[in-house]
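Have a look at the structure below before the remarks.
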Amino acid sequence: MSRYVKNQIDKLDAYTPGEQPRDRSYIKLNTNESPFAPSDRVVEAIDDSSVQSLRLYCDPTCKALKDKIAQVYDTKSTNVFVGNGSDEILNFIFMAYGERGVAYADITYGFYSVFASLYGLKSRVIPLKEDFSLDSERFCGINQLIVIASPNAPTGIEISVVELEKILSTNSDSVVVVDHAYVDFGGTDVKYLTQMYKNLICVYTFSKSRSMAGARLGFAIADEELILDLEKIKYSTNPYNVNTLTQIAGLNALEDDEYYKSNAEIIKKNREYTTVELEKLGFEVLPSQANFVFAKSKDISGKDLYLKLKENGILIRHFDKDRIAEYIRITIGSIQEMQIFVSKVKNILGELQ
Ligand SMILES: *Cc1c(COP(=O)(O)O)cnc(C)c1O
């Protein structure tokens, strides 16, 4: 880094996104994208006139999109915030509510610790239990910003509503975030709790279940006062955070929500197939409510399996991190992709004999 940069940035460990290699074509099971195309409605909506409209600034209030989200999610537009990917919303949340420190699990989405150090916040890192479930007792009554991915990444395990409510009710002076990036794949949506708990923010993304990772669109549902906080930060950084084409794409995606629901059902079936096949091959597979599975072989290390699969044209995710170094995270793709994945794993394990 240059000698001009401030110390806190110099020391910062930035987030490392999953590989997006352009050198050859891989079966990409490493960044939890959808194997399905955006809906036809989305494709048709990005037409000549929408491209022409790029001449003008986009609607900074995102009114049409917010109204549509409110309708589909059975809430009010004033309870909705939209952002440039849910990462931006999380960024704003850390900026706004982390003053007394922030608590999150030791094994969870990697961006939480990055935001914490970006803003110089004190992190309380609470280890997941032995079975990788959340140690919810330890989140109770701490009155710090609390961030919980549910279903969690990279484990796929969700928190129960009973435990979440304990955390919410014992931390009424601080904000609790539920990151619902993977909720559409069988998780429990807790948005209804935002009416009772004024400190709850649920964060969603179009990147996973709605096949729009490249469009950068996320949203949050919360009490109106919290939404106003986030709006204030947005208008203090980038009022045009969600561009015109993405607003149009998001609106049209929601018009075709049945399409994405049926895609999520297919992913759930393919997840079941993958789990069963991996178990037959002697893997331990965590129970997942997400569009990925987290699995450990008894015969090969996580790192070696990752490298072997890459040689074979398949990308998965391996985290070189305490407690989970023996695991791999496999995004659930199309059934054809999962069949190829399983047969490559079989070959790789066969070669070890
Ligand atoms: C993918 C992911 C996000 C980021 O989603 P974007 O909307 O693409 O920024 C946020 N949280 C979790 C847990 C994720 O896995």
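We count ligands from 1, going down the list as the structure has it; atoms in each ligand are counted the same way. Owing to the predicted nature of the structure, the values given are computational and were not obtained by experimental measurement.
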May I ask you to decide if Glu44's main-chain N or O and Asp40's side chain share a donor-acceptor pair within less than 3.5 Å? no
Please name all residues satisfying ring-ring contact (aromatic ring centres under 6.0 Å, His included) with Phe139, sequence neighbours left out, ordered by chain then number. none
Honestly curious: do Phe36 and Ile330 fall in one hydrophobic cluster under the side-chain, below-4.5 Å linking rule? yes
Under 4.0 Å from ligand 1, counting heavy atoms only: the protein residues, by chain and number: Gly85, Ser86, Asp87, Tyr109, Asp179, Ala181, Tyr182, Thr205, Ser207, Lys208, Arg216
Strictly by modelled atom types, are Thr188 and Glu158 linked by a side-chain donor-acceptor pair under 3.5 Å? yes
To the nearest 0.5 Å, atom CD of Gln339 lies from atom CD1 of Ile27 at 10.5 Å
Relative to each other, are the rings of Tyr112 and Tyr109 parallel, tilted or perpendicular (30° and 60° limits)? perpendicular
